[in-house]
Amino acid sequence: MVVPARLMRYVIVGAGAIGGTVGGLLHQAGNDVVLVARGAHLDALRRDGLTLDRPSGTTTLRVPVAGTLAEAGLRDGDDPDLLVVATKLQDAEPVLDQARELAPGVGVLCAQNGVAGERMARARFETVVAMVVILMADHLEPGVVAAYMEPHPGVLDVGGYPEGDPAAATLAGRVAADLVAAGFSAQARADIMRWKYRKLLSNLGNAAEAACGSDDPALADLSGAARVEGVRALAVAGIDVATDEEDRARRNGRVAAGTIAGRTRGGGSSWQSLRRGTGSIEASYLNGEIIALGERHGVATPVNSLLLRVAEEMAAAREQPGGRSAADLLAAAT
């Protein structure tokens with residue numbers, strides 16, 4: 001008799017736009033999932049379940065939820081959980097430290113923008129999987145996540161970190177299969193960090209969108225200038241990056257922005273941080289990554305430097321998004 005493999009338990013910290021969508025759809029597909037949330041979002045999930053809005057309709061999912069990793073019962077040993085870190089990068093290290101104390105043998109999946117999460121995780125854990133997150137979603141009210149992409153809810157490619165780690169590569173293959181079964185487009189890639197650096201370049205405009213709003217007529221120019229600096233810094237540093245053509249081909253026919261009745265999407269992850277008034281923003285791990293490379297390799301990064309400063313000022317002051325002019329910022333930086 002063939003004994004089916006045990007379902008791997010996904011313990012997802014950060015049950016917002018990304019973690020809520022991924023965790024909700026993995027749960028819906030029959031996987032063992034626990035969401036770790038806090039505050040009003042935790043209360044709403046416990047009371048009403050997770051409301052997941054998609055172009056195809058609204059679903060309420062009763063995903064198991066916990067307020068802490070200890071409450072979730074994070075476990076390693078012979079039957080380890082997979083810890084999915086879906087927080088913003090500025091919130092990741094305390095999560096990783098707590099997990100290290102509770103279950104140092106778990107595998108860790110970094111479901112985040114930027115490229116620093118994998119370094120943080122690998123400094124604490126042996127088995128780390130990187131994920132490229134192409135998923136248009138928002139989380140602006142407790143208990144509710146809206147995921148806008150169709151026909152797939154997202155492209156979520158994964159791969160072991162560092163490249164060549166056999167245990168991490170095996171785990172990445174298992175995760176990719178679960179994601180595909182949950183409706184995502186997902187592949188296990190040996191060269192995953194090439195793709196994460198490509199996504200980093202696209203995320204350099206996040207701070208610009210947060211500061212100026214998605215309707216600012218000069219937003220594309222400001223974001224484009226930040227990306228030009230990023231391309232130059234990565235090239236001088238000798239970092240291999242997936243091409244625009246590869247990225248377009250990967251997305252083509254798999255994901256596009258859909259519409260959800262009664263909803264208008266305001267902006268991406270950094271825009272949402274300002275909108276919710278969290279007091280922090282991820283720009284130091286996006287624009288800051290390029291600034292650090294520029295300083296190390298002699299590449300000027302004035303646009304990224306200004307965007308980082310403005311984004312952090314707005315977050316600290318709890319300003320709402322869209323209060324700055326893209327044209328003015330571009331003029332000030334160039």
Side-chain angles (χ1 to χ4, degrees), residues 1-36 45 49-65 72 74-75 79-86 106-112 127-137 145-161 166-192 195-196 199 249-256 258 260:
M1 181 179 69
V2 177
V3 178
R6 182 193 69 85
L7 291 175
M8 178 168 59
R9 190 170 75 141
Y10 291 84
V11 179
I12 301 179
V13 183
I18 304 306
T21 302
V22 173
L25 292 177
L26 282 172
H27 168 82
Q28 188 177 46
N31 292 280
D32 191 357
V33 176
V34 178
L35 300 177
V36 179
L45 291 173
L50 173 68
T51 298
L52 182 59
D53 284 345
R54 298 180 60 194
S56 58
T58 297
T59 307
T60 299
L61 301 167
R62 290 286 178 177
V63 188
V65 61
L74 186 70
R75 64 195 180 206
D79 196 22
D81 294 330
L82 178 61
L83 173 66
V84 180
V85 184
V106 297
V108 178
L109 170 64
C110 300
Q112 300 153 309
T127 306
V128 177
V129 173
M131 174 184 279
V132 178
V133 179
I134 303 172
L135 197 163
M136 183 183 293
V145 170
Y148 291 85
M149 282 182 158
E150 56 183 359
H152 296 282
V155 171
L156 303 177
D157 288 348
V158 292
Y161 180 90
T170 298
L171 181 57
R174 188 173 178 184
V175 170
D178 284 349
L179 290 168
V180 168
F184 295 96
S185 178
Q187 297 177 4
R189 294 185 175 277
D191 62 346
I192 193 66
W195 295 83
K196 289 215 72 166
K199 183 67 181 343
R250 181 68 185 95
R251 297 174 188 237
N252 186 40
R254 298 176 178 91
V255 286
I260 297 175

**Student:** Carefully, step by step, assess Val13 and Val85 under the rule side-chain contact (heavy atoms from CB on, under 4.5 Å).
**Tutor:** CA-CA 5 Å; Val13 183; Val85 184; 5.6 Å; no
**Student:** Which atom pair, heavy atoms only, marks the closest approach of Val158 to Ala176?
**Tutor:** CG2-CB, 3.9 Å
**Student:** Please give me the minimum heavy-atom distance between Leu61 and Gly24, naming the atom from each residue.
**Tutor:** CD1-O, 3.4 Å
**Student:** Considering non-hydrogen atoms only, spot the tightest contact between Ala17 and Val145 and give its length.
**Tutor:** O-CG1, 3.7 Å
**Student:** How close do Gly154 and Met149 get, counting heavy atoms only, and between which atoms?
**Tutor:** CA-SD, 4.4 Å
**Student:** Return a table of donor-acceptor pairs under 3.5 angstrom between the side chains of residues 178-192 and protein atoms on other chains or two or more places apart.
**Tutor:**
from   : atom 1 : to     : atom 2 : distance (Å)
Asp178 : OD2    : Tyr10  : OH     : 2.7
Ser185 : OG     : Arg250 : NH1    : 3.1
Ser185 : OG     : Arg250 : NH2    : 3.1
Gln187 : OE1    : Arg189 : NH2    : 3.1
Arg189 : NE     : Asp157 : OD2    : 2.9
Asp191 : OD2    : Arg194 : NH1    : 3.2

**Student:** To the nearest 0.5 Å, tell me how far His27 NE2 sits from Asp32 CG.
**Tutor:** 10.0 Å
**Student:** Do Met136 and Val255 have side-chain heavy atoms sitting under 4.5 Å apart?
**Tutor:** no
**Student:** How far apart are the closest heavy atoms of Arg75 and Asp79, and which atoms are they?
**Tutor:** NE-O, 3.6 Å
**Student:** Just wondering, do Arg54 and Thr21 contact through their side chains at under 4.5 Å, heavy atoms?
**Tutor:** no
**Student:** Do the side chains of Val133 and Leu156 get nearer than 4.5 Å, heavy atoms only?
**Tutor:** yes
**Student:** How many angstroms lie between atom OG1 of Thr127 and atom CG of Leu83, to the nearest 0.5 angstrom?
**Tutor:** 12.5 Å
**Student:** Enter the distance from Gln112:CD to Lys199:NZ here, rounded to the nearest 0.5 Å.
**Tutor:** 11.0 Å
**Student:** Tell me the closest heavy-atom pair linking Ala168 and Val129, and the distance in Å.
**Tutor:** O-CG2, 3.7 Å
**Student:** Can you tell me how far the CG atom of Leu7 sits from the CZ atom of Arg9, to the nearest 0.5 Å?
**Tutor:** 12.0 Å
**Student:** Do Val63 and Ile12 come within less than 4.5 Å of each other through their side chains, counting heavy atoms only?
**Tutor:** no
**Student:** Within the structure provided, determine whether Leu109 and Leu171 are in side-chain contact (heavy-atom separation under 4.5 Å).
**Tutor:** no
**Student:** Out of curiosity, Ile260 CD1 to Glu150 CD, how far, rounded to the nearest 0.5 Å?
**Tutor:** 9.0 Å
